[in-house]
Amino acid sequence: MASSSGRDWRVAVPFLVIIAGIVGALVWFAIPAVPMVIGWASGTAENAGTYLAASEEPQVRAIDGLDATAVDCRELYPAGLWNELTWSADVILTQTEERPVTAVAGLVDALAPTAARTCRWSNGSGEVVTTFAAVGDGSAGLAEASLAGQGFSCAQNDDVLTCTGESDAGSEYQVVAGNLWVSTVESGWQPDTYNDRLVAYLWG
């Protein structure tokens, strides 16, 4: 009876030895490059961290007299927050020159913004509307009086007035410093640390 066909071990063993030798030679030649690769990876990570940290540094200081209508929303947001918002597939940004959407009675008339850039972010859950508006001297005092009377909680830190509260429009976050008023209304959607990061970017 004829034997069944199959691989001849006399051919397979030398072949495997040759492959093992090639792999071993490649590993041997690669060993001296390992420290260099590790150093490159570490340097890349360090540089990336430095870039991200630098991108969050305040870029817009002392915006008194801001010509808000000439400013793009991109210039008013820290890179990290901007990327988180714009890289989300369901988020839509609309830029307008509309005045703040606050529902606090009389606040817009009291502060009388002369120019405004409104950045309206929306997704399937709701929207976040932030307006950067140029206002006159003494606006912080007017804002505090108006907002405190509506039940808002206000605090002043390094000449930056921050007031938070609820209105018919949603959760409101009103900030006035110098001649800049930043009004944010969140309805159905509250991005993590949105307001804190925005204020830290604008005023440091």
Side-chain angles (χ1 to χ4, degrees), residues 52-61 63 66 68 71-111 113 115-135 139-140 142-178 180-204:
L52 290 175
S55 67
E56 298 291 344
E57 287 296 319
Q59 300 296 316
V60 188
R61 290 181 178 272
I63 322 178
L66 166 73
V71 177
D72 187 88
C73 288
R74 177 63 190 89
E75 301 175 53
L76 300 168
Y77 284 79
L81 179 57
W82 177 266
N83 291 338
E84 289 174 20
L85 294 170
T86 57
W87 289 356
S88 299
D90 61 340
V91 173
I92 298 174
L93 169 64
T94 304
Q95 300 192 47
T96 68
E97 296 176 14
E98 65 181 301
R99 303 209 300 177
V101 299
T102 175
V104 178
L107 182 59
V108 176
D109 290 336
L111 299 188
R117 167 61 65 194
T118 294
C119 308
R120 183 182 294 270
W121 304 89
S122 59
N123 66 7
S125 301
E127 66 177 13
V128 177
V129 184
T130 298
T131 300
F132 305 82
V135 292
S139 292
L142 293 173
E144 184 172 15
S146 178
L147 291 165
Q150 297 291 326
F152 276 60
S153 175
C154 296
Q156 185 121 7
N157 183 24
D158 293 335
D159 297 326
V160 178
L161 173 71
T162 301
C163 297
T164 57
E166 300 293 326
S167 73
D168 292 339
S171 299
E172 296 204 20
Y173 192 92
Q174 306 292 346
V175 184
V176 182
L180 179 65
W181 172 24
V182 179
S183 171
T184 296
V185 177
E186 300 173 336
S187 177
W189 176 33
Q190 293 181 312
D192 189 37
T193 65
Y194 175 94
N195 294 295
D196 292 340
R197 294 165 68 183
L198 190 58
V199 170
Y201 176 71
L202 293 173
W203 289 287

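Values below: all heavy atoms of this structure, side chains included; hydrogens, waters and symmetry mates excluded. None of the values given here were measured: they were computed from a predicted structure.
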Kindly indicate, with the supporting measurements, whether the criterion side chain to side chain contact (heavy atoms under 4.5 Å, CB included) is fulfilled by Leu81 and Tyr201.
CA-CA 10 Å; Leu81 179 57; Tyr201 176 71; over 6 Å; no
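Applying the side chain to side chain contact (heavy atoms under 4.5 Å, CB included) test to Ala169 and every residue at least two apart in sequence or in another chain returns Ala103, Ser167, Glu172, Val185. Here Asn123 pairs with nothing under the side-chain hydrogen bond (donor to acceptor under 3.5 Å, both in side chains) rule; sequence neighbours left out. The ring pair (Phe, Tyr, Trp, His ring centres under 6.0 Å) check on Trp121 picks up Tyr77, Trp82, with sequence neighbours excluded. In terms of the side chain to side chain contact (heavy atoms under 4.5 Å, CB included) criterion, residue partners of Gln95 (sequence neighbours excluded) are, by chain and number, Asp72, Cys73, Leu93, Arg117. Qualifying salt bridge (Lys or Arg N to Asp or Glu O under 4.0 Å) partners for Asp168, counting only residues two or more places apart in sequence or in other chains: none. Applying the side chain to side chain contact (heavy atoms under 4.5 Å, CB included) rule to Ser187 yields no partners; only residues at least two apart in sequence or on another chain are considered. Residues that satisfy the side chain to side chain contact (heavy atoms under 4.5 Å, CB included) test with Ser146, not counting sequence neighbours, are Val104, Leu107. A search for side-chain hydrogen bond (donor to acceptor under 3.5 Å, both in side chains) contacts involving Gln190 returns Ser171, Glu186, not counting sequence neighbours.
Contacts classified as salt bridge (Lys or Arg N to Asp or Glu O under 4.0 Å) and involving residues 84-93 (residues at least two apart or in different chains) are given here: Glu84-Arg197. Among residues at least two apart or in separate chains, there is no ring pair (Phe, Tyr, Trp, His ring centres under 6.0 Å) pair with a member in residues 150-173. Applying the side chain to side chain donor-acceptor pair (under 3.5 Å) definition to pairs two or more places apart or across chains, those involving residues 125-135 are Thr118-Thr131, Arg120-Glu127, Thr130-Thr184, Thr130-Tyr194. Applying the side chain to side chain donor-acceptor pair (under 3.5 Å) test to pairs two or more places apart or on separate chains, none has a residue in residues 147-160.
Separation of atoms CG (Leu147) and OG1 (Thr102) is listed at 7.0 Å; rounding is to 0.5 Å. Separation of atoms CG (Leu142) and CG (Asp109) is listed at 12.0 Å; rounding is to 0.5 Å.
Counting heavy atoms from C-beta outward, Phe132 and Leu202 have side chains that approach closer than 4.5 Å. Residues Ser139 and Trp181 have side chains not in contact (no heavy-atom distance under 4.5 Å, counting atoms from C-beta outward).
Residue Ala133 comes nearest to Pro113 through the heavy atom pair CB-CB, 3.7 Å, listed as atom of the first residue, atom of the second, then distance. Pairing each heavy atom of Pro78 with each of Leu198, the nearest pair is CD-CD1, 4.3 Å. Across every non-hydrogen atom of Val128 and Pro191, the tightest pair is CG2-CD, 3.4 Å.
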